[in-house]
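Data block below; observations after.
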Amino acid sequence: MPRPTRRLPAHTLQRRLAVGQLIREARLQANLSQEELAEQADLDRKTINRIEGGVMSPRVDSLLDIADALGVPPRELLPERLDPPRPTA
């Protein structure tokens, strides 16, 4: 039975999109296709596509594998700020 979908907070979606965009930019800079990155990171191409599109977040192990495949430090694949927005009073 499929799990019910839940709405994610906007800041969570923004972080997913930011991580995906950074991975995509690094992949293009490395002149790799999604298929090539997936093969080098031992992931499925659909997984890379979903991460880059912000549909899913990479697991820590996957993020490290992606960074290794791209030849960049993992911190380069993360946005500068990961904090959720603070409520305004």
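Excluded from the calculations below are hydrogen atoms, water molecules and symmetry mates; all remaining heavy atoms, backbone and side chain alike, are included.
The minimum heavy-atom distance linking P79 with V19 is given by the pair CD-CG2, 3.6 Å.
The number of heavy-atom neighbours closer than 6.0 Å to CD of E39, taken from other residues, nucleotides and ligands shown, is 12 or below.
To the nearest 0.5 Å, the span separating CZ on R24 from CD on Q34 amounts to 8.0 Å. From N31, atom CG reaches atom CD of Q29 across 9.0 Å, with rounding to the nearest 0.5 Å. Atoms CG and OG1, from D42 and T47 in turn, are 10.5 Å apart once rounded to the nearest 0.5 Å. Summarising the geometry, atom CZ belonging to R50 is positioned 12.5 Å from atom CG belonging to L43; distances are rounded to the nearest 0.5 Å. Residue T12 holds its OG1 atom at 12.5 Å from CZ of R7, rounded to the nearest 0.5 Å.
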Between side-chain atoms of residues 55-77 and protein atoms elsewhere (two or more places apart, or another chain), which donor-acceptor pairs fall under 3.5 Å?
residue : atom : partner : partner atom : Å
S57     : OG   : R16     : NE           : 3.2

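Both L32 and I51 belong to a common hydrophobic cluster when Ile, Leu, Val, Met, Phe, Trp and Tyr are linked at side-chain heavy-atom distances under 4.5 angstrom.
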